[in-house]
Number of protein chains: 2
Amino acid sequence: MRISQSEENYLKAIYKLSEKTDKPISTNQIAKEMMMAAASVTDMVKKLSEKKLIHYTKYKGAILTDTGEAKATDLIRKHRLWEVFLLEKLSFAWDEVHDLAEELEHINSDQLTNRLDAFLGYPKFDPHGDPIPDAQGNMQRRDQSILATLNNGDKGHLVGVQEHSKSFLQYLGQISLTLGAHIEIIEKYEYDQSLKIIINKDKESIISNKVSQNLFIKL
Amino acid sequence: MRISQSEENYLKAIYKLSEKTDKPISTNQIAKEMMMAAASVTDMVKKLSEKKLIHYTKYKGAILTDTGEAKATDLIRKHRLWEVFLLEKLSFAWDEVHDLAEELEHINSDQLTNRLDAFLGYPKFDPHGDPIPDAQGNMQRRDQSILATLNNGDKGHLVGVQEHSKSFLQYLGQISLTLGAHIEIIEKYEYDQSLKIIINKDKESIISNKVSQNLFIKL
DNA sequence: AAATATTTTTAGACAAGTCTAAAAATATTT
DNA sequence: AAATATTTTTAGACTTGTCTAAAAATATTT
Ligand SMILES: [Mn+2]
Ligand SMILES: [Mn+2]
Ligand SMILES: [Mn+2]
Ligand SMILES: [Mn+2]
């Protein structure tokens, strides 16, 4: 069954929103995520429902079917593999790879995807620390804690970021917080929950709670 | 100025047809090349003309403007670079790369193109022997003769193919005629212009005139 | 130079994907 | 349980890219 690029983007949005909840995803949520009018979403969910990619009940919301979820997982696999390619092979920075991957992910060829995977050495995580589904759609669960929940003296490595915005990633780059960096909490300020940390056992930084809420650490 | 994927395909078709002639390209020619109704082409050439990508006179045909030609050349650059990537890095065969490159070429990012070019080592020719334009749009002229025009005793290397169809390329593969192969003409049969050749100083083959018309040889 | 054939354009239609404004359904507050 | 607010759907419109059938222009033949 032919799935358009637009339909693929809806599936990804629903998948993403479904990661945070088990409830059906409302048309408004999808509209907000995709920056689109709610009316457009209503039209599309009807179409996706007819194609059996989602379960949709009027006024209730949408849930991916198994087929829809498999399709979304495959898109994520392609997106993340392309991100790895762009960073590792074409030396793009981690704040530059997302937009290009957003387009490359729509090229549909299992052969291309699987050979790219092999060429990259079957990476398990993308440049933002997100797990890459394998050809069967299985992905490793990342063992992580949110930095904001840790305390004085806790230490570990940066294994992922929650936010993916360019500005956030660039900010992290500026304070030399790259994926894999070692972080130790020196002090947690009760007042605004900001943290004084040492990066790579060398550089001291103070980061806001907003930042630490978006960093995943493996202890 | 935003150029859609569809518009890009028209530009490429006009470019391709323009390589064989200096005359304006008729809507029918474009329609045939793209396997589309002539009426659709008429609509599109009007649009391309408004965007100053082609010069178009009703009932006369279309010629690329400098802007249009630059755009087409850039698409060809991307197409051929991706073909090299697929063959060299992902080990696809030369009869498999075209369709994927047809999609990859529409991803518009000069940075991506130029980094891919660098990653591949600035190749000058693609897997079919076609020249790859550089970032400025310049490409090397290939020094070639059509095999069908040569005579007994002539020899050289296969540097390109005219036809790009899967079946033709697969046929060549079967008789071990790959790019770079050495070819010597043993005998030219007057009757049907077929040729007895020796490939790589080893394997003897008889090829039809239809085949030899499509092979470019460097003496 | 007419008649005929071919090519090209126009006219009108349709599907996909989007929007705004209005109506209907659902949720929240009083 | 009404009244009010919010969410969601419907209705109608628009753009892009395509098609078929008919009309108009151009080219070829007689
Ligand atoms: Mn991404
Ligand atoms: Mn990512
Ligand atoms: Mn090609
Ligand atoms: Mn090629």
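In what follows, chains carry the letters A, B, and so on, assigned in the order in which the sequence lines appear, proteins first and then strands, with residues in each chain numbered from 1. Quick note: numbers below take in every heavy atom, side chains included, and nothing from hydrogens, waters or symmetry partners.
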Please check if the side chain of B:S212 supplies one atom and the backbone of B:N209 the other of a donor-acceptor pair under 3.5 Å. yes
Nucleotide nearest A:S6 when distance is taken to its side chain, options D:dT9, C:dT9, C:dT18: C:dT18
Which nucleotide sits closest to the side chain of B:S26: C:dT8, C:dT18, C:dT10? C:dT8
Centroid separation under 6.0 Å, is that true for the rings of A:H98 and A:H128? no
Tell me if the aromatic rings of B:Y15 and B:Y10 count as close, with their centers under 6.0 Å from one another. no
Answer yes or no for A:K89 and B:F85: cation-pi contact, defined as NZ/CZ to six-membered ring centre under 6.0 Å and angle to ring axis within 45°. no
Has A:K166 got its NZ or CZ under 6.0 Å from the middle of the six-membered ring of A:Y171, at an angle within 45 degrees of the ring axis? no
Within this structure, what is the [atom1]-to-[atom2] distance between [X] and [N], rounded to whole angstrom?
X: A:M36; N: C:dA16; atom1: CE; atom2: C1'; result: 12 Å
X: B:N9; N: D:dT16; atom1: CG; atom2: C1'; result: 14 Å
X: B:Q5; N: D:dT15; atom1: CD; atom2: P; result: 22 Å
X: B:K58; N: D:dT26; atom1: NZ; atom2: C1'; result: 14 Å
X: B:R2; N: D:dT16; atom1: CZ; atom2: P; result: 11 Å
X: A:K32; N: D:dT6; atom1: NZ; atom2: P; result: 15 Å
X: A:K60; N: C:dT26; atom1: NZ; atom2: C1'; result: 8 Å
X: B:I3; N: D:dT16; atom1: CD1; atom2: C1'; result: 15 Å

Using a 4.0 Å heavy-atom cut-off across all strands, classify [X] as base, sugar-phosphate, or nothing.
X: B:T42; result: base
X: B:S40; result: base
X: A:T27; result: sugar-phosphate
X: A:K46; result: sugar-phosphate

Whom does D:dT10 pair with, Watson-Crick or G-U wobble, provided both distances fall under 3.5 Å? C:dA21
Can you tell me the base-pairing partner of C:dT4? Count Watson-Crick or G-U wobble geometry only, both distances below 3.5 Å, and say none if there is no partner. D:dA27
If you find the nucleotide of DNA chain C closest to A:Y59 and the one closest to A:D43, which residue's nucleotide is nearer the 5' end? A:D43
